[in-house]
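Reading through the structure tokens given below for one structure.
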Amino acid sequence: MAQYSRISGSVGLITLSNPPVNALSAAVRQGIVDTVEKALGDPQVKSVVICGQDGIFCGGADIKEFGKNMSGPPLIPMIHTIECATKPMVAAIEGSALGGGLELALGCHYRIAHSKARLGLPEVTLGLLPAAGGSQRLPRLIGVPAALDLITTGRHVTAAEALQLGIVDQVTDHATVDAAVKFALSVAGKPLDTRRISTYPCPHVSDVDALCENVMQKVRKSAHGAIAPIACVQAVRAAATLPYTQGMEREKELMATLYTSGQARALQYSFFAQRAVSKWRIPSGARWDTSTPRPLHKVAVIGLGTMGRGITVALAQAGLPVITVETHEKQLMEAKRAVSDMLNRGAKRRGVAPPLDKISYSCNLQDLADVDLVIEAVFEDMTLKKKVFRQLSAVCKPGTLLCTNTSGLDVDQLASQSRNPELVVGMHFFAPAHVMKLLEVVYGPQSSPQAVATAMQLGKKMGKVSVAVGNCRGFVGNRMLKLYTEQASFLLEEGATPDLVDQAIEEFGFPMGVFKVSDLSGLDVGWRIRKEEKLAGLSVASGQSTRIREGRRYSPLADLLCEQGRFGQKTGRGWYQYDKPGGRVARSDPWLHHFLEEYRAQHGLVARHIDHQEVLERCLYAMINEGFRILEDGIAAGPEDIDVIYVFGYGWPRHRGGPMFYSGMVGLEKVLERLEHYYQAHPDVPHLQPCRLLRRLVARGSPPVHKWREVIKNLHSQL
Ligand SMILES: CCC/C=C/C(=O)SCCNC(=O)CCNC(=O)[C@H](O)C(C)(C)COP(=O)([O-])OP(=O)([O-])OC[C@H]1O[C@@H](n2cnc3c(N)ncnc32)[C@H](O)[C@@H]1OP(=O)([O-])[O-]
């Protein structure tokens with residue numbers, strides 16, 4: 001898995017060959033060891049170039065090998081041999097040099113990169129650190145502050161930045177291997193003593209302890225409990241304070257703790273889950289590799305509220321011509337200003353020209369006659385959306401795909417308003433739509449494979465992680481979220497405070513607790529929906545108990561706050577208080593605590609002590625139980641789909657994999673036992689009753705998450 005040849009008379013060329021990313025599998029490492037030995041032993045060879053096949057240098061260690069018994073030659077001595085070689089070793093970097101790939105290049109004496117190449121040490125995103133000498137060589141090469149930045153964030157840098165930082169010696173726009181061979185010929189026979197990075201002293205930093213402490217604090221704040229970024233800081237600090245060999249010992253020690261950690265397993269699972277969801281398949285049998293997306297030359301967005309604006313920005317940034325439609329000129333012009341501002345800001349940040357000319361603005365639906373796809377983003381109101389769909393059906397050319405951006409309305413009902421229901425899908429974006437990575441693509445029973453494929457591909461083009469999900473109330477994300485927020489409210493009734501619940505959730509790793517999120521997005525949004533559903537407001541049947549709806553426990557707390565005008569941040573009061581309307585810093589509110597006490601007294605509820613464990617179990621296990629129901633119903637194809645939705649759309653801490661993966665980590669028996677316990681304590685909450693799939697999995701000995709699909713398939717075949 002590494003080929004060897006001699007070119008230009010005296011250059012040994014080693015080509016890594018392990019498609020698709022030339023990962024350093026055991027066979028590749030063995031190949032490198034063998035070919036390096038060959039090159040060094042060949043008297044005709046005066047210098048050596050290492051490159052990768054098919055335009056990519058190397059995507060790093062083979063992640064599939066992690067967690068298995070190690071075989072083949074280890075990376076560290078292999079890289080050490082390269083660095084100690086007495087013939088110049090030159091890395092020719094095309095495509096990517098990531099993780100172990102960059103560490104291999106850092107072992108070489110010179111690095112030549114193509115201008116389009118990306119380099120980085122992304123191990124931290126997999127719960128690891130660059131433990132093939134990367135944490136010790138990079139700071140010696142580019143200094144401690146820059147190395148801390150790259151290693152703790154895992155960000156990829158462009159070839160231009162790599163050159164500026166001193167990671168590469170030369171950047172070329174032409175054939176990289178040719179440039180590297182030319183370079184190798186020019187350095188043949190030259191002394192190499194100054195080219196071995198491990199022998200460099202780490203560039204001096206005036207107060208390395210203060211610097212590392214400062215970075216450590218930042219990392220702790222942003223890591224939300226992830227341990228790898230912290231180990232990365234410790235490893236770089238070792239490079240700055242210890243001789244190389246001792247630094248390598250420290251790197252090894254730190255890696256040993258990370259390598260077997262649950263967080264590393266979760267992050268590696270998440271890496272593969274993110275890729276697995278792009279290989280979608282739906283119950284009709286349609287799938288990603290047999291469905292051809294429609295080419296999109298021009299698309300449209302209807303409704304330029306917050307969501308429509310974000311979607312428009314994301315489409316324009318993806319390079320698509322967009323026509324946008326609003327009902328009135330004044331709103332249209334307001335939206336145009338806002339969209340242009342967003343595009344200008346984004347372009348400034350990325351150092352590119354704003355794609356303002358991609359967008360045209362109109363108040364006339366007739367202008368959509370020639371578009372290939374429309375994203376309807378009008379107000380979340382079924383009657384209005386139906387009307388828009390009927391109009392679109394009449395205006396658009398045959399074959400136009402009609403997509404609705406809804407967070408939970410019935411996509412099939414909308415499809416029924418169209419002449420071509422097979423061309424209708426939901427595209428559930430998350431606010432702000434030009435920032436948030438997640439897109440739920442909602443298919444109905446009639447959606448054609450082409451419609452699903454086109455929406456999935458459009459999402460990818462917009463830089464989203466797209467997940468195909470079936471149509472049901474709330475789809476996957478919001479359907480599960482409902483159970484989570486419902487439990488949080490019940491906990492308040494039983495004695496908790498918003499502060500306590502949020503603290504438990506934030507300590508678990510969510511960036512924001514459930515009540516802070518509710519204040520941020522506005523309590524009035526859910527209130528309006530509940531009023532429409534006749535769960536709240538004047539339409540609630542008289543004589544109906546305040547705390548029961550449709551025979552189940554209901555918490556009216558959020559409705560009561562709304563009745564008081566407490567909509568959250570926008571009104572300066574919600575579950576918390578803020579210094580002014582629009583304020584961002586949540587402070588505990590004595591009024592709210594008093595209100596809760598009065599509420600409990602009025603309903604004969606006695607506050608009891610609730611600890612963090614109960615908060616997590618009630619909120620998370622209720623949500624997980626619903627996740628199992630979603631799998632049972634076939635709304636999500638597998639646990640990976642649910643987990644990706646939660647990690648990319650709902651702030652689930654990535655180092656915990658996602659709710660379904662997490663349930664496996666906790667132990668399915670334990671989740672089942674706790675749900676049974678809580679259901680017994682709260683028989684008026686049917687959602688706490690453990691679902692069939694969970695029971696089935698436990699009965700099958702709780703198989704690991706990648707084996708669940710088998711059990712789900714059997715369950716479906718028995719229905
Ligand atoms: C020992 C300690 C020191 C070293 C530690 C490390 O190096 S840790 C590693 C540090 N390195 C990283 O973290 C880099 C991780 N990789 C990436 O960031 C991207 O894959 C990319 C930028 C290399 C290419 O992006 P792109 O959009 O062109 O392509 P794509 O992303 O769709 O992937 C295509 C296929 O390749 C697969 N695959 C990819 N990488 C690996 C791998 N290392 N291994 C195995 N497989 C890998 C991927 O699953 C997918 O498989 P599928 O679904 O077709 O069966």
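Both ligands and their constituent atoms are indexed starting at 1 by order of listing.
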Does ligand 1 have any atom that is closer than 4.0 Å to a heavy atom of P130?
-> no
Do R137 and Y244 have a side chain donor and acceptor closer than 3.5 Å?
-> yes
Measuring to protein heavy atoms, does anything land under 4.0 Å from atom 46 (N) of ligand 1?
-> yes
The protein heavy atom nearest to atom 18 (O) of ligand 1 is L98 CD1, 3.8 Å
Compute the shortest N/O to N/O distance between G99 and ligand 1 and return yes if it is under 3.5 Å, no if not.
-> no
Distance below 4.0 Å between atom 7 (O) of ligand 1 and any protein heavy atom?
-> yes
Determine whether the aromatic ring centres of F475 and Y443 lie less than 6.0 Å apart.
-> no
Correct closest heavy-atom pair for L40 and M89 would be CD2-SD, 4.3 Å
Ligand 1 to F271, heavy atom cutoff 4.0 Å, flagged ligand atoms 15 (C), 16 (N), 39 (C), 40 (N), 49 (O)
Between R118 and L98 the two heavy atoms that sit nearest each other are O-CD2, 4.3 Å
Starting from atom 44 (N) of ligand 1, which protein heavy atom do you reach first, and at what distance in Å?
-> I63 N, 2.9 Å
Residue, atom and distance of the protein heavy atom nearest atom 50 (C) of ligand 1 read R275 CD, 4.2 Å
Considering P74, G59, G133, G101, which one's heavy-atom position lies nearest to atom 14 (C) of ligand 1?
-> G59
Locate the shortest heavy-atom distance separating L258 from A264; write the atom from each residue and the value.
-> O-CB, 3.4 Å
Side chains of T15 and Q53: do they bring a donor and an acceptor to under 3.5 Å?
-> no
Closest heavy-atom contact between W708 and P703?
-> NE1-O, 2.9 Å
Shortest non-hydrogen contact between D173 and S115, atoms and distance = OD1-OG, 2.6 Å
Residue, atom and distance of the protein heavy atom nearest atom 2 (C) of ligand 1 read M255 CE, 3.6 Å
Ligand 1 atoms in contact with G60 (distance to a heavy atom under 4.0 Å) = 7 (O)
Applying a 4.0 Å heavy-atom criterion (strictly less than), which segment of E103 is in contact with ligand 1: side chain, backbone, both, or neither?
-> side chain
Side-chain heavy atoms of L75 within contact of R29, under 4.5 Å = yes
Does the protein put a heavy atom less than 4.0 Å from atom 29 (O) of ligand 1?
-> no
Among L128, D62, L126, which residue places a heavy atom closest to atom 9 (C) of ligand 1?
-> L126
Heavy atom of the protein closest to atom 24 (C) of ligand 1 (residue, atom name, distance) = V21 CG1, 4.1 Å
So which heavy atom on A314 is nearest to which on M462, and how close?
-> CB-CE, 3.6 Å
Regarding D643 and Y269, is there a side-chain donor-to-acceptor distance under 3.5 Å anywhere?
-> yes
Counting heavy atoms under 4.0 Å, the part of A61 that contacts ligand 1 is both
What is the nearest protein non-hydrogen atom to atom 49 (O) of ligand 1, stated with its residue, atom name and distance?
-> F272 CE2, 3.5 Å
Going through the distances and angles, do D169 and R195 end up as a salt bridge (charged side-chain N to carboxylate O under 4.0 Å, His left out)?
-> CA-CA 11 Å; D169 302 288; R195 303 298 314 174; 3.0 Å; yes
Here the atoms of ligand 1 under 4.0 Å from any heavy atom belonging to G100 are 4 (C), 6 (C), 7 (O)
Just by distance, with hydrogens left out, do E94 and T176 show a side-chain donor and acceptor under 3.5 Å apart?
-> yes
No-hydrogen, no-angle side-chain donor-acceptor test under 3.5 Å, Q30 and D34 | yes
Can you tell me which residue and heavy atom of the protein come closest to atom 52 (P) of ligand 1, and the distance to 0.1 Å?
-> K279 NZ, 3.2 Å
Of the side chain and backbone of L24, name the one, both, or neither that has a heavy atom under 4.0 Å from an atom of ligand 1.
-> neither
For K64, atoms of ligand 1 separated by under 4.0 Å from a heavy atom | 46 (N)
Taking atom 36 (O) of ligand 1 as the reference point, the nearest protein heavy atom with its distance | P20 CG, 3.3 Å
Does the N or O separation between P122 and ligand 1 drop below 3.5 Å for any pair?
-> no
